[in-house]
S.K.: 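Quick one: the structure is below, and I'll ask about it shortly.
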Amino acid sequence: MNQLHNAFTLFLSLLVEALPFLLLGVLFSGLLLLFVDERKLTNALPRNPLLGAFVGSLIGFLFPVCECGNVPVARRLITQGVSAPVAIGFLLAAPTVNPIVIWATWTAFRDQPEIVVLRVIFSLSIATIIGWVFSAQADLRPLLQTSIANSMPTPTKKPRGYWSESGQEEPVPALLQSGTFLLSGSGQTIRMDAATLPMTATVGTTKSFKSVKYRLGLFLDNSVQELRELGAVLIVGSAIAAIIQVTAPRELILSLGQGPITSIVAMMVLAAVVSICSTVDSFFALSFASAFTPASLLAFLVFGPMIDLKAIGLMLSIFKSRAVIYIFALAAQLTFLFTLIYQMIY
């Protein structure tokens, strides 16, 4: 009975501390998704693979979403023709490299500011490296689900042997190009290969034609849906943290938490299984601070927002399984390497 009371007290304390950050993150996410024109953003992105991956990793400051919200945004970016390094850099870094998560991490680890700084640096570095690695895949379509690949704008291909009498290659008329077209009122053809799935329609284009009332309703619907989904995850994660803290043998926790290798591996596995939102995961990790090393807590904070069971399921809505396996393996290896180096230096 005493253990149940302790677990419930710990559960409520985690929930009360984390809920304001979750609510703020959901509201901020909805506002930016409504009022930021993604098409203008994608046109301004760099074409260099390494620089593109780095900039993509920083877009989280414009779209401060957790690992539940980054997948729909990344899907929109991909269907609008954003390069693989930019999209993957955003997908992996946005849940961590954004002002809401940084603020929440600072609130939880105010006494350990190096955790806050290194979480951002490690997340940014790992996302940039993985995005740059994926730049070797010139065409991302083979790694995407069929519905996503079909919704991407296709590069214009010229029929073989279409040359002018002067020996210069001429632009191919629209009607000789592959694809689907409509005839506009002015008589010009409109290419349809940029059409996207309903779920990937950008808010940036919607806001130009819809009333303020419609946009407000869309914002409220988006906020309620995210709060419902993320709130459920927060409750489950807080309950798991409380149960583990109260019921797990103290000797087992200490034996795992103090080993230089086992502590990092244990917290990475826990991060993947618990699947707690990055907006509030710092409070979850803080509950293990007395038993685990700072490096292992850092591994939890870096790896969890990138790869957990919930994120893997969402990623499979965009990528084929082999691409998700590549991302998982690279993220796990780099997280372990970075945090192990930090532990050796620390």
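For this chain, numbers begin at 1 and follow the sequence in order.
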S.K.: Give a yes or no on whether Phe54 atom CZ has more than 12 heavy-atom contacts from other residues, nucleotides or ligands under 6.0 Å away.
M.R.: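 No, the 6.0 Å shell around CZ holds no more than 12 heavy atoms from other groups.
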S.K.: Looking at Ser123 and Thr96, would you say the former's side chain and the latter's main chain have a donor-acceptor pair under 3.5 Å?
M.R.: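 Pair absent, no side-chain N/O of Ser123 close to backbone of Thr96.
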S.K.: If you look at every heavy atom in Met315 and Met306, which pair is closest and at what distance?
M.R.: CE-O, 3.3 Å
S.K.: Is any side-chain heavy atom of Ile148 less than 4.5 Å from a side-chain heavy atom of Phe319?
M.R.: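 No. Closest side-chain heavy atoms not under 4.5 Å.
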S.K.: With side chains defined as the heavy atoms from C-beta onward, is the minimum distance between Val133 and Ile88 less than 4.5 Å?
M.R.: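 No; the side chains remain at least 4.5 Å from each other.
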S.K.: Can you see which heavy atom on Ala323 is nearest to which on Phe134, and at what distance?
M.R.: O-CZ, 4.1 Å
S.K.: When you group the ILVMFWY residues by side-chain heavy-atom contacts below 4.5 Å and let the links chain together, are Leu330 and Ile325 in the same group?
M.R.: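 In one cluster with Ile325: Leu330, no.
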S.K.: So, taking the atom named CZ in Arg141 and the one named CD1 in Ile78, what distance separates them when rounded to the nearest 0.5 Å?
M.R.: 11.5 Å
S.K.: Can you name the residues that form a ring pair (Phe, Tyr, Trp, His ring centres under 6.0 Å) with Tyr342, not counting sequence neighbours?
M.R.: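 Checked Tyr342 against ring pair (Phe, Tyr, Trp, His ring centres under 6.0 Å); matches are Tyr346.
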S.K.: Does any non-hydrogen side-chain atom of Leu270 lie less than 4.5 Å from one of Phe284?
M.R.: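 Sidechains of Leu270 and Phe284: in contact.
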S.K.: Quick check: closest heavy atoms across Ser263 and Thr293, and the distance to 0.1 Å?
M.R.: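 Scanning both residues completely, I find the closest heavy atoms to be OG-OG1, 3.4 Å.
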S.K.: If you take all heavy atoms of Ala299 and Ile264, which pair is closest and at what distance?
M.R.: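 The pair with the smallest heavy-atom distance is CB-CG2, 3.9 Å.
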S.K.: Should Pro294 and Ile115 count as side-chain neighbours, where that means a heavy-atom distance under 4.5 Å?
M.R.: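 Sidechains of Ile115 and Pro294: in contact.
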S.K.: Could you tell me which non-hydrogen atom of Ala332 sits nearest to which non-hydrogen atom of Met268, and how far apart they are?
M.R.: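 Looking at all heavy atoms of both residues, the closest pair is O-CE, 3.5 Å.
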S.K.: Please list, one pair per line, the donor and acceptor atoms closer than 3.5 Å that link side chains of residues 125-132 to other protein atoms, with sequence neighbours excluded.
M.R.:
{"from": "Ser125", "atom 1": "OG", "to": "Ile121", "atom 2": "O", "distance (Å)": "2.8"}
{"from": "Thr128", "atom 1": "OG1", "to": "Leu124", "atom 2": "O", "distance (Å)": "2.7"}

S.K.: Indicate if Leu50 and Phe90 have the same hydrophobic cluster label, given that clusters are the connected sets of ILVMFWY residues with side-chain heavy-atom separations under 4.5 angstrom.
M.R.: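 Per the 4.5 Å side-chain linkage, Leu50 and Phe90 are not co-clustered.
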S.K.: Calculate, to the nearest 0.5 Å, the distance between atoms CD1 and CZ belonging to Ile102 and Phe61 respectively.
M.R.: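 The CZ atom of Phe61 is 4.0 Å from CD1 of Ile102, to the nearest 0.5 Å.
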S.K.: Report the distance from atom CZ of Arg110 to atom CG of Leu286, rounding to the nearest 0.5 Å.
M.R.: 11.0 Å
S.K.: For Phe288 and Phe292, take the angle between the two ring planes, folded into 0 to 90°, and tell me which bin it lands in: parallel under 30, tilted 30 to 60, perpendicular over 60.
M.R.: perpendicular
S.K.: Donor-acceptor check, side chain of Gln145 to backbone of Ile318, threshold 3.5 angstrom: yes or no?
M.R.: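 Side chain of Gln145 to backbone of Ile318: no pair is present.
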S.K.: Nearest 0.5 Å, what's the CD-CZ distance between Gln343 and Phe336?
M.R.: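 One finds 9.0 Å between CD of Gln343 and CZ of Phe336.
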S.K.: Look at the aromatic rings of Phe328 and Phe303 and report parallel, tilted or perpendicular, splitting at 30° and 60°.
M.R.: perpendicular
S.K.: Can you find a heavy atom in the side chain of Val86 that is under 4.5 Å from one in the side chain of Val55?
M.R.: no
S.K.: Only pairs at least two apart or in different chains count here, so list each side-chain hydrogen bond (donor to acceptor under 3.5 Å, both in side chains) that has a residue in residues 327-341.
M.R.: none
S.K.: Looking at every heavy atom in both Ser282 and Leu301, which two are closest together, and how far apart are they?
M.R.: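 Looking at all heavy atoms of both residues, the shortest contact is CA-CD2, 3.7 Å.
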